[in-house]
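The structure appears below as structure tokens.
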Amino acid sequence: MATPQDQQPAQAYGQPPTIIINNSSSAAASAAGVIGGVGLRRRRQSLWVHFWLLMFTAGIGNVFYAMHLSRWNRDRGL
């Protein structure tokens, strides 16, 4: 079914939805996650801390360090 030259074909659908992706972060948004100067980020295990604890505490310090960080993250829901 051809349409005449001066007539455009009818659209079966309305306008496509407008999609906005906001990839920028503002200073206010990043400051919202900071409480008392300490960010609420998940603490990670440090290879160097584990190394030095292994050298100075024969490995028992590694257990306490890992327990401390796990408890810190769990208490904050991270």
Side-chain angles (χ1 to χ4, degrees):
M1 181 163 127
T3 57
Q5 290 288 349
D6 58 346
Q7 184 182 6
Q8 294 184 356
Q11 292 181 346
Y13 305 105
Q15 287 283 15
T18 303
I19 299 173
I20 299 172
I21 299 174
N22 187 2
N23 287 333
S24 64
S25 62
S26 66
S30 62
V34 177
I35 297 174
V38 178
L40 289 178
R41 293 185 347 212
R42 181 176 177 84
R43 287 195 178 176
R44 306 281 182 194
Q45 305 283 338
S46 170
L47 176 68
W48 291 111
V49 171
H50 277 291
F51 171 76
W52 289 113
L53 285 171
L54 180 66
M55 294 291 116
F56 291 118
T57 66
I60 194 69
N62 288 331
V63 174
F64 291 114
Y65 174 65
M67 287 174 31
H68 166 71
L69 287 185
S70 295
R71 187 178 305 122
W72 192 92
N73 288 329
R74 185 182 64 237
D75 291 346
R76 286 155 183 81
L78 302 174

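Keep in mind that this is a model prediction, so the values were computed, not measured. FYI, side chains are in, hydrogens and waters are out, and symmetry mates aren't considered; it's all heavy atoms of this structure.
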Checklist entry - Is Ile60 linked to Leu54 within one hydrophobic cluster, defined over Ile, Leu, Val, Met, Phe, Trp and Tyr using a side-chain heavy-atom separation of less than 4.5 Å? => result no
Checklist outcome for this item: Grouping ILVMFWY residues whenever side-chain heavy atoms fall under 4.5 Å, the cluster of Tyr65 otherwise contains Val49, Leu53, Leu69
Next on the checklist: If the condition is side chain to side chain contact (heavy atoms under 4.5 Å, CB included), which residues does Arg74 pass it with, not counting sequence neighbours?
Outcome noted: Arg71
Checklist entry - Counting heavy atoms not belonging to Phe64, are there more than 12 under 6.0 Å from its CZ? => result no
Checklist entry - Among pairs that include at least one residue of residues 47-63, which meet side-chain hydrogen bond (donor to acceptor under 3.5 Å, both in side chains), considering only residues two or more places apart or in two chains? => result Gln45-His50, His50-Asn62
